[in-house]
K.L.:
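Take this structure first; my questions come after.
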Amino acid sequence: MYLTRIEEEMFEGKHGDAVRKSMEILVALGDIYEAEKLINITSAQVSGVSYKTIGDAGLEFLEDMAKDPKAKTNVPATLNPAGVDLEIWKELGFSEEFTKRQLRIIDAYRKMDVMTTCTCTPYLIGNVPTIGSHVAWSESSAVAYANSVLGAMTNREGGPGALAAAICGKTPEYGFHLDEERLANLLVEVDAEIAGADYGVIGHIVGKTAKDGVPYFIFKNRPSANELKSLGAALASSGAVALYHVEGVTPEYENAFRGLKNEKSEKISIDRQTINDIRDKLSTTAEKPDLICLGCPHSSLDEIKNITDQLRGKKLKNELWVCTSILMKAAADRIGYSNTIEKAGGKIVCDTCMVVSPIEELGFEVIGVDSAKAANYIPGMCGLGVVFDDFKNLMVEK
Ligand code: F3S
């Protein structure tokens with residue numbers, strides 16, 4: 001891969017150890033994917049935060065990087081969810097042992113100037129790349145949103161790759177940074193009126209067929225931004241989709257359609273019966289959930305409003321977590337949503353989620369979710385039963 005003179009200096013360690021290590025990661029990625037050069041990026045989203053997922057090896061790697069005073073991000077970089085709510089972890093029942101290690105991870109990121117936003121929806125809190133801009137994002141659901149809904153250009157980075165890119169302000173030019181890689185190769189016709197959790201179900205179905213391809217959807221109705229968030233998260237977790245297009249909705253659909261003229265492109269259609277069948281299969285038990293967890297990906301303010309509206313005047317038998325970022329919670333506190341949710345017995349939980357927290361240590365047996373991504377991951381990552389449905393059907397009133 002071609003390196004400019006300054007990039008060579010960075011690679012040789014003339015700008016410090018952390019920059020050298022970061023350049024080594026970027027050059028290794030560039031060589032694997034046959035990139036010709038590095039390109040400048042405008043932002044990063046860094047995953048690899050929860051102590052549950054990165055363990056002691058990840059903690060040591062980050063503390064080692066952060067020791068170098070020159071290990072500072074060069075572009076705005078936001079952070080993925082951690083393993084606990086950084087403020088009410090004790091009240092939620094997380095252990096001191098786990099939390100101490102989690103806080104060391106957050107501290108290492110803070111030292112490197114990564115904004116410790118701890119959310120998988122950075123695009124809801126100001127990390128909003130403009131159309132056509134190159135970024136290096138990890139967190140597969142955020143990658144799908146950035147590429148597809150915002151029209152920014154990013155590969156599915158891993159945590160170390162995104163951190164390295166943030167420190168160097170660069171990423172290798174390959175994959176979804178190239179226009180020709182962004183064309184659709186799978187046509188998906190959805191032959192049913194759909195709403196709410198259905199979008200996650202469709203993402204779950206199509207992700208398995210598309211794998212790392214680029215689906216092009218034709219829907220009967222127009223999805224909202226929240227619905228696209230659910231669709232992308234499910235596509236990226238049942239498959240490895242990083243970019244999709246929706247006819248008449250997402251910014252690149254007209255150009256992306258050209259890819260479907262290639263004889264290798266495929267076509268599938270999805271009807272109501274298929275959606276209902278897969279919806280049922282996403283649940284692993286018929287029991288009522290003892291905990292309902294909403295906000296995968298992290299809830300937007302209007303999703304919190306919608307939850308609040310459904311809870312008004314109710315008292316829930318199940319526990320309820322609404323997972324979101326600290327910024328959304330601040331707004332929900334001011335507007336009064338938090339108060340209504342708490343009166344019904346729920347909690348707004350920040351910085352973490354039902355998958356990356358050690359939720360399995362809190363004594364719950366069955367988690368109710370309205371996210372196909374969460375339903376897909378909870379059995380394997382948490383070892384708990386899962387019920388997938390719309391929120392209104394998960395609630396049990398006292
Ligand atoms: Fe976000 Fe956790 Fe879901 S990181 S996308 S809420 S699994």
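Order of listing sets the numbers, starting from 1, for every ligand and every atom in it.
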K.L.:
I'd like to know whether ligand 1 has G295 as a neighbour, heavy-atom separation below 4.0 Å.
P.N.:
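Under 4.0 Å: yes for G295.
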K.L.:
Quick check: does H298 have an N/O/S atom under 2.8 Å of atom 1 (Fe) of ligand 1?
P.N.:
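So H298 does not count as coordinating atom 1 (Fe) of ligand 1.
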K.L.:
Please determine whether a side-chain nitrogen of the Lys or Arg among K37 and E173 lies less than 4.0 Å from a carboxylate oxygen of the Asp or Glu.
P.N.:
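The answer is yes: the pair qualifies as a salt bridge.
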K.L.:
Got a salt bridge between K267 and E189, using NZ or NE/NH1/NH2 to carboxylate O under 4.0 Å?
P.N.:
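Salt bridge flag = yes for E189 with K267.
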K.L.:
Could you check whether R272 pairs with D198 (Lys NZ or Arg NE/NH1/NH2 to Asp/Glu carboxylate O, under 4.0 Å)?
P.N.:
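Counted as a salt bridge, because a side-chain N and a carboxylate O are separated by less than 4.0 Å.
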K.L.:
Please list, in number order, the atoms of ligand 1 under 4.0 Å from a heavy atom of V355.
P.N.:
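Counting atoms of ligand 1 from 1, those under 4.0 Å from V355 are 7 (S).
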K.L.:
Tell me the protein heavy atom at minimum distance from atom 4 (S) of ligand 1, and give that distance in Å.
P.N.:
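Protein heavy atom with the smallest distance to atom 4 (S) of ligand 1: P81 CG, 3.6 Å.
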K.L.:
Given the side-chain rings of F219 and Y199, with only the six-membered ring counted for Trp, is the space between their centroids under 6.0 Å?
P.N.:
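Centroid distance F219-Y199: below 6.0 Å, so yes.
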K.L.:
List every atom of ligand 1 that sits less than 4.0 Å from any heavy atom of C353, numbering the atoms from 1 in the order shown and giving each element.
P.N.:
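Ligand 1 atoms under the 4.0 Å threshold to C353: 2 (Fe), 4 (S), 6 (S), 7 (S).
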K.L.:
Hey, which atoms in ligand 1 end up nearer than 4.0 Å to a heavy atom of E139?
P.N.:
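In order of numbering, the contacting atoms are 5 (S).
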K.L.:
How close does the nearest protein non-hydrogen atom get to atom 3 (Fe) of ligand 1, and which residue and atom is it?
P.N.:
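Here the nearest protein heavy atom works out to C296 SG, 2.3 Å.
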K.L.:
Using 30° and 60° as the class boundaries, would you call the ring planes of W137 and Y123 parallel, tilted or perpendicular?
P.N.:
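Answer is parallel, since the angle falls under 30°.
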K.L.:
Side-chain contact test, heavy atoms from C-beta onward, threshold under 4.5 Å: evaluate it for F391 versus L320 and give yes or no.
P.N.:
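Yes, their side chains come closer than 4.5 Å.
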K.L.:
Tell me whether the rings of H245 and Y216 are parallel (<30°), tilted (30 to 60°) or perpendicular (>60°).
P.N.:
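Plane angle between 30° and 60°, so tilted.
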K.L.:
Check contact between C323 and ligand 1, using heavy atoms of the residue and a distance below 4.0 angstrom.
P.N.:
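Heavy atoms of C323 never come under 4.0 Å of ligand 1.
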K.L.:
Looking at atom 3 (Fe) of ligand 1, is one of the N, O or S atoms of C120 less than 2.8 Å from it?
P.N.:
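Short answer: no, not a single N, O or S atom is under the cut-off.
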K.L.:
Quick test of your reading of the model: are E227 and R222 salt-bridged, counting only N-O distances below 4.0 Å?
P.N.:
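Looking at R222 together with E227, the answer is no, because their closest N to O distance does not fall below 4.0 Å.
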K.L.:
Going by the order shown, which atoms of ligand 1 are within less than 4.0 Å of some heavy atom of S141?
P.N.:
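Checking each atom against S141, I get 5 (S).
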K.L.:
I need the nearest protein heavy-atom contact for atom 5 (S) of ligand 1: residue, atom name and distance, please.
P.N.:
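Minimum-distance protein heavy atom for atom 5 (S) of ligand 1 reads K373 NZ, 3.3 Å.
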